[in-house]
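Data first, discussion second: the structure below is written as structure tokens.
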There are 2 protein chains.
Amino acid sequence: MQRDKKPTLSEVAKLAGVSEITVSRALRGSASVSGKTLLKVEKAATSLGYLRNRLAGALAGGASNQVAVILPSLSNSVFADVLNGLEVRLEQAGFHPVLGVSNYDPQQEEQLIRNLLTWRPAGLVIAPSDLTKASHALLEGAGLPLVEIMDTDTTPIDMGVGMSQRGAGSRMAHHLIARGYRRMAYLGHDIVRDRRAAARRDGFCATLGKAGLALCASLTLPAQSSVALGRQGLAQLLSEASEWPDVVYFSNDDMAVGGVFHCMSQGIAVPDSLAIAGFNGLEIGQSLPVPLATIASHRTAIGKTAADCILDRLSGRHTETLADLGFTLIAGGTA
Amino acid sequence: MQRDKKPTLSEVAKLAGVSEITVSRALRGSASVSGKTLLKVEKAATSLGYLRNRLAGALAGGASNQVAVILPSLSNSVFADVLNGLEVRLEQAGFHPVLGVSNYDPQQEEQLIRNLLTWRPAGLVIAPSDLTKASHALLEGAGLPLVEIMDTDTTPIDMGVGMSQRGAGSRMAHHLIARGYRRMAYLGHDIVRDRRAAARRDGFCATLGKAGLALCASLTLPAQSSVALGRQGLAQLLSEASEWPDVVYFSNDDMAVGGVFHCMSQGIAVPDSLAIAGFNGLEIGQSLPVPLATIASHRTAIGKTAADCILDRLSGRHTETLADLGFTLIAGGTA
DNA sequence: ACAGCAATTGACAGCGCTGTCATTCAATGT
DNA sequence: ACATTGAATGACAGCGCTGTCAATTGCTGT
């Protein structure tokens with residue numbers, strides 16, 4: 001590892017026998033550089049192993065090519081998918097995500113926003129957990145393309161990409177009612193922190209209510225969602241419930257898959273003795289011996305679309321304020 | 001969204017009635033600022049909504065607080081875990097990961113290294129897919145703390161954190177032999193691109209060989225690993241195999257879980273008719289009705305340790321060249 | 001041959017901050 | 001009382017690059 005200073009523009013310029021600014025233009029692919037000088041410059045640059053310093057470039061020119069991304073969690077594969085979609089699109093455009101994870105903690109989220117903004121990113125994508133007043137103010141005053149992702153139930157500050165979480169919950173309620181289920185139970189993970197899971201639950205319950213129904217059992221576990229939690233949670237729910245439910249609506253597919261596993265290990269027939277429904281449309285759920293009834297969220301698309309919003313805005317193109325990417329019911333076989 | 005220029009140091013200085021450098025020192029928490037001026041400065045800064053510009057700071061001072069992270073994929077939850085570990089540690093220290101995903105493509109990887117280095121990150125963490133000569137040269141000449149993660153089978157350029165993939169394969173072979181299995185099959189995903197999966201397979205086969213055994217069937221599918229691929233792949237493997245194997249060693253847990261699902265849906269008793277082993281120790285495998293036999297890699301720890309390596313090096317502390325975090329055999333119940 | 005024009009190239013002045021060294025000033029020791 | 005010290009503050013000069021505008025060049029048409 002050589003510790004020497006990296007070569008600078010002016011050294012390349014000297015070697016190529018042109019001015020710094022010409023090197024700068026040549027290396028950035030400006031049109032107003034003749035083929036001959038371009039060649040000279042490129043030769044000089046590679047022979048010196050020159051790497052431009054984008055810190056300096058961004059400071060001088062304003063454009064940063066970094067996009068701040070704030071997610072509430074990475075253990076949840078949903079956000080990994082979103083990040084994946086984001087990264088792909090950003091990379092295509094020569095941009096890079098700078099990542100922050102808030103752990104569903106508003107304070108940490110605010111700190112993250114503040115810190116990431118100090119890098120003067122070209123844009124900011126956030127899956128908000130719960131914005132503090134200060135967070136809100138920071139975002140409003142940031143003066144950069146800003147996309148709030150994951151749900152469309154609230155009005156975005158600048159742009160929004162996602163789906164109606166409430167609507168998804170409602171849709172599943174309609175579906176389960178239509179399938180003839182009546183005794184419905186809910187099993188969720190930490191709903192206080194995951195406000196989108198809470199919105200799905202609310203939508204679900206509201207639709208039940210309109211049909212004159214109500215949850216016959218409900219359990220919310222104060223922990224991160226996981227397959228193990230779903231499995232253990234279903235055992236608890238069933239042992240505590242006063243009556244055996246027809247169907248359990250889980251806060252997401254991880255939990256629901258855990259529920260399916262519990263049933264398998266206890267010999268509970270799914271869906272005949274107990275039906276199971278989830279949310280997200282994860283691959284694992286669809287690869288089960290009996291595919292999971294769920295609602296597919298278009299996670300990767302959300303990431304891609306969010307990236308597009310930022311990129312479009314930066315290139316001056318028109319952008320929608322709110323992109324609702326919807327969701328897709330997967331009837332599956334478990335409900 | 002106000003588009004106005006952001007307030008600068010000198011405006012804060014003017015308002016606080018001190019010099020720019022004093023503001024700079026105050027806001028960075030330097031010791032040599034009196035309590036009184038510190039207060040004045042902080043008041044002025046908040047009243048203006050001042051956010052430091054770290055672009056300028058890094059350019060002037062050299063220290064960047066960004067760490068470049070290059071991973072081959074994000075769809076694989078393994079890398080999401082690693083990234084998670086990295087992010088947690090970096091965030092604690094006030095650093096941020098800047099992400100690049102190479103898709104197991106050496107060219108893209110090289111491009112990524114080049115691009116990310118232009119941001120003059122404080123360090124670089126890479127899960128190499130396959131470094132080109134140019135990649136290698138870039139990394140060697142980068143002159144920054146550099147950690148190669150995931151496997152310890154090759155000598156790192158600077159620092160390495162991971163485990164022996166070959167050793168993990170070998171360990172599982174020993175285990176399966178000890179359990180009395182003899183007719184062993186292998187089912188893997190795209191091994192040409194995933195050289196770590198290939199290393200595990202090699203280690204597995206080498207150990208079989210030493211015991212006078214060989215794979216009785218083997219199938220490598222040219223696709224990204226997934227549960228669905230494992231499920232479909234096992235069906236194919238079994239239909240093509242000349243003899244029924246005792247056990248199938250899968251390239252990872254995703255694939256293995258798919259294998260378990262295939263068995264479930266076909267009524268193949270696991271492990272009595274067919275045993276199944278994987279790699280990674282994913283939560284899903286351990287939540288199955290019968291927990292998966294596998295080898296747990298310490299993914300989050302790898303991320304954390306890699307971050308620590310960077311941070312330690314930056315603060316001048318001594319760092320190991322190679323940290324082997326090992327792995328843990330989980331006997332499970334499927335083999 | 002010469003004005004007129006587009007294509008190239010360059011000089012200069014910062015972008016907003018921090019390292020370095022110099023300065024100020026009050027507190028200390030004898 | 002006076003030199004000595006340390007704490008607190010400031011002046012200055014860049015970090016490496018790019019936007020702006022000016023200067024140069026080589027062509028064109030007449």
Side-chain angles (χ1 to χ4, degrees), chain A residues 3-42 44-45 48-66 115 117-122 143-144, chain B residues 3-42 44-45 48-66 115 117-122 143-144:
Chain A
R3 277 247 154 249
D4 9 48
K5 285 220 93 13
K6 308 201 111 23
T8 69
L9 248 201
S10 83
E11 289 163 53
V12 178
K14 214 163 295 167
L15 185 62
V18 295
S19 71
E20 295 184 24
I21 186 67
T22 300
V23 176
S24 171
R25 282 196 274 246
L27 263 26
R28 279 182 298 158
S30 160
S32 57
V33 171
S34 73
K36 214 167 43 181
T37 36
L38 181 57
L39 240 59
K40 274 194 304 187
V41 169
E42 278 174 348
L48 286 175
Y50 172 74
L51 275 184
R52 43 194 291 222
N53 182 339
R54 287 173 130 300
L55 288 175
L59 179 61
S64 118
N65 275 32
Q66 291 190 152
N115 280 333
L117 283 179
T118 64
W119 286 105
R120 298 293 187 272
L144 43 63
Chain B
R3 279 248 153 248
D4 11 48
K5 285 221 89 19
K6 309 201 110 23
T8 68
L9 249 201
S10 83
E11 288 163 53
V12 178
K14 215 163 292 166
L15 185 63
V18 295
S19 70
E20 294 184 25
I21 187 69
T22 299
V23 176
S24 171
R25 283 197 273 247
L27 263 27
R28 279 181 299 159
S30 159
S32 56
V33 172
S34 74
K36 214 168 42 184
T37 35
L38 181 57
L39 240 59
K40 276 194 303 189
V41 169
E42 277 175 348
L48 287 176
Y50 172 74
L51 274 184
R52 41 196 292 229
N53 182 337
R54 287 173 129 302
L55 248 35
L59 179 60
S64 120
N65 275 30
Q66 291 191 151
N115 279 335
L117 283 180
T118 64
W119 285 105
R120 299 293 187 268
L144 43 63

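Per chain, numbering begins at 1; letters A, B, ... match sequence-line order. These numbers come from a predicted model, not from an experiment.
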request  = Kindly calculate the angle separating the two end axes of the helix from C:dA1-D:dT30 to C:dT30-D:dA1, each obtained from five base pairs, and round it to 10 degrees.
outcome  = 30°
inquiry  = Whether B:Arg28 contacts C:dT18 is assessed here as follows: a side-chain N or O lying under 4.0 Å from the phosphate OP1 or OP2. Is that the case?
reply    =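 Looking at the OP1 and OP2 atoms of C:dT18, one of them is under 4.0 Å from a side-chain N or O of B:Arg28.
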ask   = Within the pair B:Ser10 and C:dC17, is there a side-chain N or O less than 4.0 Å away from OP1 or OP2?
value =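 Answer no for this pair, as no side-chain N or O of B:Ser10 is under 4.0 Å from OP1 or OP2.
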Would you name the heavy atoms of [X] and [Y] that are closest together and state the gap between them?
X: A:Trp119; Y: B:Asn65; answer: CZ2-CB, 3.9 Å
X: A:Leu51; Y: B:Arg120; answer: O-NH2, 3.0 Å
X: A:Leu144; Y: A:Pro121; answer: CD2-O, 3.4 Å

Rounded distance (Å) that lies between atom [atom2] of [N] and atom [atom1] of [X]:
X: B:Arg120; N: C:dT18; atom1: CZ; atom2: P; result: 19 Å
X: A:Lys36; N: D:dG26; atom1: NZ; atom2: C1'; result: 11 Å
X: B:Leu117; N: D:dG16; atom1: CG; atom2: P; result: 16 Å
X: A:Leu51; N: D:dC17; atom1: CG; atom2: C1'; result: 14 Å
X: A:Arg52; N: D:dC15; atom1: CZ; atom2: C1'; result: 17 Å
X: A:Glu11; N: D:dC15; atom1: CD; atom2: P; result: 11 Å
X: A:Leu55; N: D:dT18; atom1: CG; atom2: C1'; result: 14 Å
X: B:Leu9; N: D:dA11; atom1: CG; atom2: C1'; result: 15 Å

message = Let me spell it out: for each of B:Val33 and B:Leu59, pick the nucleotide of DNA chain D with the closest heavy atom. Which residue's pick is nearer the 5' end?
response =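 Final value for this comparison: B:Val33.
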ask   = Who are the side-chain contact (heavy atoms from CB on, under 4.5 Å) partners of A:Thr22, not counting sequence neighbours?
value = A:Val18, A:Ser19
ask   = Any N or O donor-acceptor pair linking the side chain of A:Arg54 to the base of D:dG16 at under 3.5 Å?
value = no
inquiry  = Check this for me: does the side-chain of A:Arg25 come within 3.5 Å of the base of D:dG19 through a donor and an acceptor?
reply    = no
inquiry  = Any non-hydrogen side-chain atom of A:Gln66 less than 4.5 Å from a side-chain atom of B:Gln66?
reply    = yes
ask   = Heavy-atom contacts under 4.0 Å between residues 17-24 of chain B and DNA chain D, which residues?
value = B:Val18, B:Ser19, B:Ile21, B:Thr22
